[in-house]
Structures are given as structure tokens and as C-alpha cells.
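Please read the structure below before turning to the comments.
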2 protein chains.
Amino acid sequence: MHSMLEGTPAESGLRERKKRATRAALVEAAVRLAVERGVENVTVDAISAAAGVSTRTFFNYFDSRDEVFVMVGADAGHRVRRAVLAAPPELSPLEALRDALAAELEEVEQQQELWCLHAEVLRKAPQLLARRIGAHMADELGLAETLAERMGAGSPLFTEERPDFASPEEEERRRALGLYPRLLAAVGGTAVRVAVEHWSVRQGETAFADVFRETFEHLTTGLTLPQQYPVPADGA
Amino acid sequence: MHSMLEGTPAESGLRERKKRATRAALVEAAVRLAVERGVENVTVDAISAAAGVSTRTFFNYFDSRDEVFVMVGADAGHRVRRAVLAAPPELSPLEALRDALAAELEEVEQQQELWCLHAEVLRKAPQLLARRIGAHMADELGLAETLAERMGAGSPLFTEERPDFASPEEEERRRALGLYPRLLAAVGGTAVRVAVEHWSVRQGETAFADVFRETFEHLTTGLTLPQQYPVPADGA
DNA sequence: ACGCAAAAATGCAGAGCCTGCAAAAATGCA
DNA sequence: TGCATTTTTGCAGGCTCTGCATTTTTGCGT
């Protein structure tokens with residue numbers, strides 16, 4: 001819970017595998033039931049029954065009924081952070097983040113079916129969408145840490161020496177960076193969200209990669225009004 | 001629910017005033033109780049009792065217990081959109097948005113006490129923070145509409161003629177703008193959030209206006225690595 | 001001032017959510 | 001196989017939330 005990047009190793013005891021299976025079964029059952037009969041009409045009892053466990057067990061896996069609907073791809077943040085750290089050093093922080101996110105999104109395209117069902121559920125349930133965004137925010141803090149580390153200091157993560165506390169020099173460098181890493185992480189996450197939303201209402205009309213590229217071009221050009229679509233000379 | 005900017009008129013019948021008072025009393029009671037004994041230990045019964053109404057009445061005002069904790073400043077989005085439309089036409093969209101947000105944040109500084117209590121509550125309750133972000137997202141959609149309008153077309157809002165549907169030409173212009181307005185609205189909201197968070201952990205160390213300015217400078221310079229704080233020559 | 005219709009508040013029953021606790025089943029290992 | 005640990009399960013009980021019928025309050029015409 002305290003040293004930062006060891007949340008999702010591939011531990012493969014029978015115990016661990018079974019827990020993963022149960023968790024996945026609950027998530028999938030929940031999403032399918034939600035698509036079928038609407039989120040509000042899916043009780044914890046029904047989800048548990050469909051997944052073949054008791055009601056009480058459901059709450060051993062999720063803190064609330066709603067949480068099961070926002071737990072698709074919960075480990076994406078983890079992979080993004082690894083990718084940021086592994087990025088070629090000649091890339092700017094924003095470029096490194098962009099490429100890391102792009103790589104993760106390619107992964108997602110391969111689990112398309114579950115993701116599409118999931119998106120359908122969220123679209124019809126604003127309250128769950130809100131929770132989803134909140135989940136992203138948790139990742140955001142960690143991502144800001146990782147970005148700060150890439151820019152300003154040695155690697156407190158992945159080192160044996162002092163995984164929990166940075167050296168005074170590292171602290172100093174982070175302070176000097178100000179809110180930049182935090183802002184970069186937050187804006188990056190926001191960009192992904194907007195790109196996905198924009199693309200999902202134009203399904204098939206454009207490749208997602210193009211939407212993604214356009215989004216980050218806006219960011220790198222300081223969010224200026226796109227030149228190719230000027231406003232008309234005068235309002236009417 | 002369909003024509004866009006008429007959410008908060010100052011209707012002043014006795015009925016309306018009493019409803020506003022009851023709503024405000026519930027919100028304030030909830031926040032104070034939460035600061036006093038922790039969010040999780042505040043029941044709807046307690047909030048209702050403190051506000052002098054029945055438990056059942058609470059649910060006539062809020063859809064859920066949690067909602068009462070995220071309803072501080074629910075009409076800010078409305079004012080921001082008006083400010084965006086009223087901004088001098090020589091400002092770029094990003095500048096107009098920046099100034100509109102800055103103006104709103106000055107308003108907030110005057111209700112400081114309740115906001116600080118509220119911030120304290122949210123800091124200790126991630127799940128509520130998530131809901132809060134979700135609430136902001138609802139505003140985001142409307143803000144994107146308003147920005148698109150300012151940039152690309154006449155004013156479908158505030159006109160008598162066709163408040164619900166844009167003309168074909170307006171539609172065309174919006175399509176040409178692509179995801180830019182949406183991205184601008186989302187990034188603007190994110191910037192405010194990051195600025196507030198960054199400032200609130202450095203309370204008193206810096207003026208909020210400075211943090212806010214720095215944040216938007218990052219955005220206008222394409223989120224490049226700040227020049228005044230270069231990374232050291234080589235990692236160690 | 002009075003009474004009436006609309007709106008709001010209330011009590012209550014009932015379904016669903018969620019938690020602690022202790023007993024029972026499953027698992028990993030010597 | 002036998003034992004320690006982990007996981008699942010049932011159950012009691014409190015809290016959240018909704019629909020419905022009833023009572024109280026408000027706005028307004030007379």
C-alpha cells in the first residue's frame with residue numbers, strides 16, 4: 001500500500017488466480033446484466049448469483065454496488081506509469097505521456113467488446129460516470145509522481161534504497177517544478193477522456209488514432225483557435 | 001430542462017424562498033456535521049434533525065445522502081458561461097475562458113468559510129470528491145456548447161427564435177471545429193481543479209491568483225517543460 | 001378575513017445496500 | 001495426511017432510498 005508500483009504483479013498461486021477469476025466474473029456479470037435490464041434494476045444479489053458466489057462475498061471484493069461498474073481496466077494507470085519511465089529520454093514530458101497513453105489505448109482496442117458494453121452502461125448512468133472519473137483521479141496523483149520523477153530526480157520508485165521518501169535534493173527539485181507535473185498528469189487524463197468521448201459518438205467515422213493525435217496537437221500548440229477553421233469575418 | 005440557460009432565476013415567492021432556505025440549511029448542517037464528526041458518521045437523520053425537517057423531506061431535496069455534500073456552489077457553471085459570452089471579442093477562446101473562471105473564483109473567495117469547510121470534507125472523502133468531479137462534468141458539456149457558440153456561430157442561446165436547434169450553417173461550423181470546444185472546456189475545468197488543489201496545500205504561501213496565472217501560462221505555452229527549472233545535466 | 005386548490009412536509013412500509021462477527025469450507029505446505 | 005491460513009458464507013442489524021397516503025403550509029381569489 002505504500003511503495004508505489006507493485007499493485008499488479010502476475011502472482012500465480014491457485015489462490016490468486018481464483019480471486020482474479022471471481023473478481024472478473026463479478027465485473028462481467030454486472031456489466032452484462034446492466035446492459036440487459038438497466039443498471040438500476042441490477043441488484044447485488046443478482047450479480048452474485050450470476051457469478052456463482054454469495055451476496056456477502058460480493059462485498060469482500062467491492063466496497064459498494066456501484067464500484068463493480070467502474071472497475072474495468074483498473075490497472076491501466078499502472079502500465080502507463082511504467083511506460084512513462086521507460087520512454088526515450090529525448091522526449092519531452094508531454095511527448096512521453098502522449099506515447100504512453102497511446103500505447104495503453106492500443107491495448108484497450110483488443111478487449112473491445114467488454115469496453116463497449118461498459119461504455120454503454122456508463123453513458124446511461126451519469127452517477128457511475130462520475131465515479132469513473134474519480135477513479136481516474138486516483139491514478140492522476142500517482143502519474144504526477146512518476147512524471148516529476150522522470151523530470152527532476154532519480155528514481156525513488158523501483159529502487160531498493162528509499163522507496164518511500166525522496167532525498168532532500170529530490171524534494172528541492174520537485175518543489176522547483178511547482179504544479180507542472182500535477183497539471184500535466186491531469187490534463188493528459190482529461191485529454192484521453194475527451195478524445196474517447198468525441199470518438200465514441202463518431203464511431204467508425206474516424207480512426208481513434210487520428211482523434212488522439214488531434215487532441216494532443218491542440219495541447220502542444222497552446223490550445224489556440226485552430227487556424228484551418230477561422231471564425232467568419234463578422235457575426236450575423 | 002431543454003432550453004439552456006435559465007436554471008437560477010431569482011424567483012421570490014414565499015414558497016421559493018423557503019425552499020432555498022431549507023436546501024441551504026440542509027447543506028450547511030451536513031457540512032458542519034461532517035467536519036465535526038467525520039462524513040461517515042453523519043446520517044441523514046442527523047442532518048435532517050439539525051436542519052429542522054423530517055428525514056423524508058431530505059430526500060425531497062436530494063437524490064442521495066452524498067449529494068448534499070457536493071452541492072456547494074452548484075450554480076457557478078452558469079455564471080461562467082455568461083461571462084464567456086460577455087467577454088470582449090478580441091480575446092481568444094482560451095483567454096475568454098481563463099478570465100471567466102478567474103472572475104468566478106474571486107466570487108468564491110468571499111464565501112471562504114463554507115468553502116474551506118467543504119474542501120476539508122472532500123479532502124477526507126475521496127468518494128465524494130469523485131462525485132464532485134462528476135458534477136463538474138455536467139457543467140463541462142454546457143460550457144463546451146457555450147464556447148462553440150462564441151467561436152463558430154450566432155447565439156442559439158438567449159435568442160427567441162430557435163433555442164433548441166441550431167441552423168444548418170451553425171451545425172456545419174460546429175462540426176468543423178471538431179473536438180476543440182469540448183477539449184477547451186474540459187482542460188479549463190481541469191486547470192481550475194489542479195490550481196485549487198495545488199494552492200490549498202500551500203495555503204498562505206502564495207496568492208491564489210498567482211497559482212491560477214501560472215497554470216494558464218503552462219496551457220498557453222503548450223505544456224512545455226518550464227525553462228527556468230531545467231533538468232540536471234545527467235541523471236544520477 | 002376566509003376558504004379552496006396546489007404544493008410541500010410527514011409518517012410508514014418495504015426493498016435494497018452494506019458491515020461486523022463467527023462458523024464452515026478451501027487452500028498451501030510440511 | 002494434518003495443520004495454519006485464507007476465503008467464503010450466513011445472519012443480525014443499521015442505514016439509505018422510494019412510493020403512497022395523510023396532514024400541514026402557502027398562494028390567491030373573494
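Numbered from 1 within each chain, the chains take letters A, B, ... in sequence-line order. For clarity, every value in this text was computed on a predicted model and none was experimentally measured.
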Contact class for [X] vs. all strands (heavy atom < 4.0 Å): base, sugar-phosphate, or nothing?
X: Tyr61(A); value: sugar-phosphate
X: Phe62(A); value: nothing
X: Arg65(B); value: sugar-phosphate
X: Asp63(A); value: sugar-phosphate
X: Thr55(B); value: nothing
X: Asp45(A); value: nothing

Under a 3.5 Å cut-off for both distances, is dG28(C) Watson-Crick or wobble paired, and to whom?
dC3(D)
For dA5(C), which nucleotide in any strand shown is its Watson-Crick or wobble partner with both distances under 3.5 Å?
dT26(D)
Quick check: does any side chain N or O of His118(A) sit under 3.5 Å from a backbone N or O of Val72(A), one acting as donor and the other as acceptor?
no
Between dT27(C) and Lys18(A), is there an OP1 or OP2 to side-chain N/O distance shorter than 4.0 Å?
yes
Given side chain to side chain contact (heavy atoms under 4.5 Å, CB included), test Val70(A) with Leu129(A) step by step and report yes or no.
CA-CA 8 Å; Val70(A) 299; Leu129(A) 188 53; over 6 Å; no
Within this structure, what is the [atom1]-to-[atom2] distance between [X] and [N], rounded to whole angstrom?
X: Asn41(A); N: dC17(C); atom1: CG; atom2: P; result: 11 Å
X: Lys19(A); N: dG28(C); atom1: NZ; atom2: P; result: 12 Å
X: Asp66(B); N: dC18(C); atom1: CG; atom2: C1'; result: 13 Å
X: Asn60(A); N: dT19(C); atom1: CG; atom2: P; result: 10 Å
X: Gln127(A); N: dC17(D); atom1: CD; atom2: P; result: 10 Å
X: Phe59(A); N: dG13(D); atom1: CZ; atom2: P; result: 19 Å
X: Arg17(A); N: dA26(C); atom1: CZ; atom2: C1'; result: 15 Å
X: Phe58(A); N: dG10(D); atom1: CZ; atom2: P; result: 16 Å

Nearest-nucleotide pick for Ser54(A), side chain only, options being dG16(C), dG10(D), dG19(D):
dG10(D)
What nucleotide among dC20(D), dC17(D), dT16(D) has an atom nearest to a side-chain atom of Arg56(B)?
dC20(D)
Cation-aromatic face contact Arg98(B)/Phe212(B), 6.0 Å, 45 degrees
no
Are the side chains of Val68(B) and Phe58(B) in touch, meaning some heavy atoms are under 4.5 Å apart?
yes
Exactly one of Thr146(B), Leu101(B), Asp99(B) should register a side chain to side chain contact (heavy atoms under 4.5 Å, CB included) with Val84(B). Which one does?
Thr146(B)
